[in-house]
Structure formats: C-alpha cells, structure tokens
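Read through the structure below, which is laid out as structure tokens, and then see the notes.
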Amino acid sequence: MKLNTIFSFFIVFILLFFLFPVKIDAQSGVNLGKISGDFGFNGMYYLEDSLIGARKVDSKVRANTFLNLNYTNGGFSAGVRYEFYLFPLIDMEDIGYKGQGFTRYFADYQNKFIQVTGGTFYEQFGNGLTLRAYEERDLGVDNSLLGGRVKVTPYKGITVKGVWGIERKNFDFKYSERNDQVRGIDGEINFSEIFPILTEKQIALGIGGSLVSKYEKSIEDFYFNRFVGTDSSENISISAGKIPQNVAVYGVRGFFGIQDFRFEGEYARKVNDPNVSNNFIYKHGEAVFLSATYAMKGLGISASLIASDNMDFRSSRYENNNSLLGINYIPAINRTYSYQLIGNYAYASQANSEIGGQLQINYQIPKKSKLGGKYGTDITFNYARFHSLAKDTVLLAIENGTMTGTEGYTSNLFKGSKELLYQDVGLEISHRFNKTWKLMVAYNFLSVNLDVLRGHGGIFYGHNVATELLYKINSIHALRLELHHLYSKNDFGSWAYGMLEYSINPNWFISVGDQWNYGNIDKEQRIHYYNAMVAFVTGTTRIALSFGKTREGILCVGGVCRTVPASFGLGLSVSTAF
Amino acid sequence: MKKYIAFCLGILFLVVSCDKIEGPYYQEGDGFFIDDFPPLNTETIYRKILIEEFTGHTCVNCPHGHQRIAELLDIYGDTIVPISIHVGATARPLPNSIFTYDFRTNTGTQIEEDFLVESNPSALFNRTQFNNRWTVSVNQWQNAILSFNRHDVTVAIQVQTERRGNRLNVNTKTTLLKEYNKPVQLAIYLIEDDIIKPQQNGSSRIDTFYHHKHVLRDAKNGAYGLRLPTSQGGILQKDSSYLYGFTFPFNEKDWVMENTTTVVFLLDPATREVLQVEVVKN
C-alpha cells in the first residue's frame, strides 16, 4: 500500500473521530472533548501596472486558503490542516508554494510521563541551531516533519525528546519516493525544577544537548569544473561514495539565572556536509549563540551574540531556496521593526558566514516625574552590527580555482572580516501625554550590505524617522496617524510614508496610506504606492477589504527572508478562529 | 534510572549516524579541458523554444507528428529544439511482438504526469500553456511557436561537450542577460537520433526499420534539473554566469554516442516555464 494512501486513511480516521463522540454523548454523557481551529482566506484581484513592475498574471483572481481543525480530549489530541493554494497569491507562486491538499495531520497523546505524536509535527531543540521544524505562513515556510515523536519526562525537570521524520517540501506529497529523512534526540535537565531550593533562591540553572542526523541517499557523482590558469577548465567529479549520506549536527546548551539576571548559551557543530550553499566543500560547520539579560522595574538590558560558519543544513544538498527543507535555524538577534519604510532593509541571518551582536536597553522614565509625566516615558535604544567571517582559502582550492571538492577554507568562529553585513542604531521614545494623546518617535540609522543580502545594490545607508500619533477621541472612536521618512542616497533613494487610521471600537478599522519614493534618481520611478483598507472585526473574526499598490521588496520574519513581487489590485481577507 | 539511561542510549545509537569522509574528495580528471567559452554577442541571441513531443512506438498517428517536427525544423532551424518523449500506453513494450524495445525513461514519465499528457502525439512548448492547455495537438504546433516573443531573452546558454571513452563530458555556461528575481534550474538532457526500431505507422502498417529521432535517453538531476545558487533575496543578477560540468556515462547502455545531442535548458520551477534552451551535437 502506498504511503499516500495510508495518509488518506489516516485523515479519514481523524475526521470520523471528530464526529463519532457526538453520538456517544447523546446516549451516555461521555466527555465530548473540544474542537478548535482557525480559517484564513487571503485573496486578491490583480491589476497590471508596468510602472511599478506589477506583472500581468494568468489568473487575475488568486487566493491563499487554509483551515485548521484540532480535537482535544484529555491527553489526546488530533488535527488536520487543509490548504488550497492551487491559484495562490503571486508571491507564493514565485517560491513554488502552490498546490492543494492535507498538509498537516497528526494524533498526539500525552500524560505526565510520556508524549507520543504520529503524523506531521513541529519541533525545536534549544534555540534551533540543530533542529527547528516550524511554520511561518507569511513566508511560505513550513518545515514540518512527517513521522513520529516521543517525549519522555522520567523525572520532574528532565525531558528527553526523539524525532524521526521527513520534511515537508511545499505540496510535494510523494513522501514514499523521498531519499531523505531527519532523526534527532534532545535532552534537557532543569536543575531548578529538580532542586526546589534553587527556585527559592531565585536561581535558574539548566543544561541540555541535542543531536540531529540527516540521511540523504547519495545516488549520483557530482561534477564540477577545476580551473587551470585563466583560459581553461577541467571537468572532474566527486564520486557518489564520497558524498556523505549521513550528516550530523550536535549541540550543547545551558542557562543560568539569578534574580534579575539571566544568561544562556548554545554551541553547535556540524560534520562535513558538501552542498550547493557551501559550494560542495568538506569543512565542518559551527555556530554559537550567547545571550544575557537583566531586567528590573523600569530597566531592561539585553545583549546577544551570534556567530555562524557553514551551518546551512537542509534535507537536500541541492536545495538553497530560503524557504525549503531547512533543518536548523540561525536565530536573528537584531531588533525587528514594523516601521513601513525600513522593512525592505531587514537583515537575513547568514548561516554560512556571520558574526554579530545586539545590545538593547529599555528604560522607563518614572511616572509622575518631570520628564516622565503622569504615565511615564518609554525609551528604547538598540545597536546591532554584523560582519561576515574572515576566511582563509585552503591552498588546494586556490590551485583549483574553486573551493568545490576541498576543505574550502579555514576560519575562526569569533573572527569577523571587514565586510559589514548590517548595522542598526536605533532610538525610540514613546510617551502618553494624557488619556487622549500618545506619541511615538523613532530614529534609526541603517547600513545594509545589499550585495550580500540581495546579490546586488552595494551598501545602503539610510536615516529613518518614524512617528506614530494616537488620538483617542472617546472610548469608541480613535485616530492613529503614522508619518515616516527614510533619507538615503542609495538603492531607491528617499521615501516618505503617511497613514491615517480611523477606528470605531470594537468593530471597524478604516485606513488610507501612501508610500512615496520621491527621492528616486529616475524621475519616472517617483511612484506613489497608495493603499486603502476597511476592516470589520467581531470576536475572533476579521474581514478586510483593501485596494492599492505594493512595492517590490523583501519580506523577513525572524531573520528568514523572501522576495515580494510588486502588485496592484483589490484584496479581500477573511480570518476566524473557533 | 538505569533503564532510562539505557533507553536514551538506545535512541542515541539509532540517531548517531554520521559519515566522516576522508580526503581526497574528488577524483582526478582525465584531462578534459575545455576552452573558455567565447564572449556573447547579445545582439544575436534570441529565445529558443523547447518542444517536448509525446510519442509512442505503437501510436498510429505519431509518425505524422514526427513529420510535422521535421517540417518545423526546416522552417525554424535551430531556433526550435525538439525532444521526443515516449510515454503512455502506446510507448509500452509489447511482449511477443516486434515492439519489445522500451524507449521510456523515468524523466519522461514524470513529465507525462506533471503536464497531464493525455494522448500521443501532442507536444509541450517551453513548458507553458497554450490556449489554457499544457499539451498542444499537432495542427496547432506552429501557432504555439508563433506565440512566443523571441526577442524577450532572459538568459544565454553555452554548451561544450567532449566524447571521452564511454563518457560524455558536458560543460555549460549560463549567463543572465537581465536580472531575474526568482530561483531557476538548469536541466541537461541527453538525446539520441536515428535509433532504428519498429514504429506503427497508421492502423495497418508497421515500419520495421523506422528512424526514431530526438529520443530522450537520460537527464541529469531529474526532469527539472539543478537549482542555480541565488543571493539571499533570491535574485539572479544581470551578467552573472554559472559554470557547471556534467558527465553522462555510456557504459552498459545501448546508446550510440555519435548519434547523440545534448539539450540544456533553464527553467523557472515556480511556473515550470523554460526560459532558454540550447542544443549541441556531441
């Protein structure tokens, strides 16, 4: 019996399971359990606009649709998700997220000692340096594993997890034909839970470790060119037997906290993993993540450091699409913003070469002080800077004119190069004047290496000022005004943005906004990207109608990015949860 | 506690799988050096069209399709690149008949499934839809060719091959003529001409020594090829070039290397559209 057929039976079983208890209840009063879920529809009618690059699309009406259904009854839970992305929004189509079908189906049972899961599941070990199976719907990322998971808690404060499965690859459901799988184990000991005296003394202490191994069948020799001199090349190969089929990553981690201070760290190392993202080199990979936080009333300080070298780790050695088949995750530690104009200059984690740090200080000027006023004033300062790692190419790679088929390079995980990837200096001040008025003002200076992050564009320097003014007319009506300005002589030049939102609580939100690329060197490209939206909200349901233009750019969530094509049209979105 | 430790060690044993490879990692070459690819003259580059013709040796109307391909080659020369893919019921070998040869390939079968091929003869043009259908019937093939703007060129492909013993070495250079902001994949197909095998020709005639042309034999990295590396934003920059080498082994095959050609094409996996195709005689 084909694996796909088995899954179909599994889905039918789960759906029947939802219905069956209803009959039991009518006769015997057995606990029905609970059904929950959510639904999302995000559709658009596309119009062509050659000026902004909004291309003509085959099917003008497109939509992303999904439904999650979950059932829980005591320690048992099961769920399915159906996705209809057969004619998806063009940004999803561009990354290959197109198709339809049951993309999630699972059954899970847990008690105090054990939790077992069969079907598709999400999981993360530690900070994700070794394993992170997760979903980020806006990005079109779903790296769920299809297989089994066991979590054992033999003693309070001690957990051991084991996973085994195949990663989801968009709507390719031919799992039985896949030549790859992921296996992993993770253990954590939380001493604070084992020894209550530590908790009494406000001490948090724990250690953990994980091991993840990928199997990918090596079928074909890999051919590449060795360059001799400047005029000719030689076709040579790595035989299939020299391409590792089992690639392991292991990591150790720990945390320590005392009163208002907390420190945590994780180190991971990967054995030889030649793949397209590292040009098929055999060097090991490694990454380290360190974080320290201090928090007290009115003050919070956090500092983080991340370094990553050759740690792109995927189920397929031939895949380097951002959203596909990633097994691990290099955390993005820089501050992320919702400011409209600098979203396009967000930083994407560089798993194969980065070292960087972030410092953030949050301070509240006390309430009822001269500077703080009646409600206090919140100030946030942050500084982030990332460089690529310094690398010394090995002699054989220099002789061959390619790193492929060699150790590639040597490096020190804590030694960065002069190549700046990203820098952000930011200051944000938020102050409520009275019950009616609230103001937020933020300034950021960004330096972004577009050559590395996008493949072209040089270094971008930009000064951004963002303001948000909230005017609460009464308990029902409110106005929110956003005015932003990005000054730059690089990339597309300077931008201005304004948005006015009128809300009638709790049901209606009406907004109009415009992004204006007034500083574009090309006068014809000084385009207004206007948008208007009406949203109706009731309970957990939201229905929104929008019309306008979206600029071509980059969308990043948690350091993972993808391109967004320019678009123009009428949008309708419906979401609800139950 | 001991049993828990044993349990953990058991799981650890299951997942501790790691192949540490010792160098040297690559095999020394056999002296196949290629000259540097000549500079491109972008004025003379046009968009070529890949025609994937679906056929079968017991398909009564397929010789009509083969004839039509030959006519179109006379008209359009090397600006069209045909591949004959044997798929479907009429491509199956028939035991106890003269149609025992199996022309089918895994790649061909995948293309048949992915593009909903319903009948032979029919053809797919640059893996795009024509009149809202993937496959086009014979009488519409020229219209399908005319539907493409040949001057809209995204990419140029250069190919060099060398026959060396029972290996065919292929070197490719792919150059972006304009920026492309989506991932692309490079596919390499091996084609053989003049395979002399029986072919049903009409309902009552069998040509025993039929010359099968443009027959798909093999594909490197599957039906959709190898993904080219992109920058973090998924962009392929204008003027960027990608050099790749491949080898087709001919040992234990009944293929005649002298009769083969190599077809190299670049496609957009999101839409499956072929952006450019090139062919060379081996």
Side-chain angles (χ1 to χ4, degrees), chain A residues 58 93-96 98 152 154 160 162 183-185 187 211-213 215 220-221 223-226 228 230-239 242-248 271-272 274 276-277 282 318-322 348 350 404-407 452-456 552 554 561-563 565, chain B residues 1 3-5 7-8 11-12 14-36 129 132 162 164 167 169-171 179 181-183 185 220-221 226-238 240 243-247 249 268-271:
Chain A
D58 297 339
E93 184 169 271
D94 285 354
I95 59 170
K98 181 179 181 178
V152 179
V160 178
R183 304 148 299 191
I185 184 169
L211 177 68
V212 176
S213 171
Y215 169 79
E220 288 191 331
D221 298 350
Y223 289 89
F224 63 100
N225 288 337
R226 177 166 68 175
V228 183
T230 55
D231 297 329
S232 61
S233 63
E234 184 187 18
N235 189 232
I236 54 178
S237 66
I238 301 169
S239 70
K242 284 281 188 179
I243 297 173
Q245 297 193 121
N246 297 282
V247 177
V271 296
N272 48 198
V276 290
S277 83
Y282 283 75
Y318 296 105
E319 187 60 64
N320 67 349
N321 182 334
N322 268 345
Q350 302 296 302
T404 302
T406 72
E407 290 282 339
V452 173
L453 299 176
R454 290 188 197 166
H456 64 107
E552 182 181 5
I554 303 284
C561 301
R562 69 167 170 83
T563 54
Chain B
M1 182 60 81
K3 64 182 178 183
Y4 297 131
I5 293 170
F7 172 75
C8 294
I11 294 178
L12 200 63
L14 283 172
V15 298
V16 174
S17 293
C18 174
D19 303 334
K20 182 76 181 100
I21 307 293
E22 300 297 332
Y25 305 115
Y26 59 83
Q27 297 168 327
E28 285 298 328
D30 54 7
F32 171 45
F33 289 89
I34 57 165
D35 292 331
D36 201 14
Q129 292 195 349
N132 297 317
E162 188 208 46
R164 182 166 288 266
R167 280 176 58 186
N169 293 321
V170 181
N171 272 274
E179 182 179 292
N181 63 1
K182 291 189 287 179
Q185 294 184 190
K220 281 290 158 196
N221 300 306
L226 175 75
R227 181 162 296 198
L228 299 189
T230 55
S231 62
Q232 191 72 39
I235 292 169
L236 291 130
Q237 198 177 354
K238 183 177 184 290
S240 56
L243 284 164
Y244 282 98
F246 305 88
T247 291
D268 180 335
T271 62

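Residue numbering restarts at 1 for every chain, and letters A, B, ... go by the order of the sequence lines.
Proximity to chain A is limited to the backbone of P24(B), based on heavy atoms less than 4.5 angstrom apart. For E179(B), the part lying near chain A is the side chain, with the backbone staying farther off; criterion is any non-hydrogen pair under 4.5 Å.
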Exercise. Step by step, work out the side-chain hydrogen bond (donor to acceptor under 3.5 Å, both in side chains) result for T247(B) and N169(B).
Key: CA-CA 5 Å; T247(B) 291; N169(B) 293 321; 2.8 Å; yes
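Across I243(A), D94(A), I238(A), the residue that shares the most heavy-atom pairs under 4.5 angstrom with chain B is D94(A).
Taking the side chain to side chain contact (heavy atoms under 4.5 Å, CB included) definition, one finds that K98(A) meets it with P88(A), E93(A), sequence neighbours left out. Residues passing the ring pair (Phe, Tyr, Trp, His ring centres under 6.0 Å) test with Y215(A), sequence neighbours excluded: none.
Annotation: side chain of N181(B) is in contact with side chain of E552(A) (closest heavy-atom distance under 4.5 Å).
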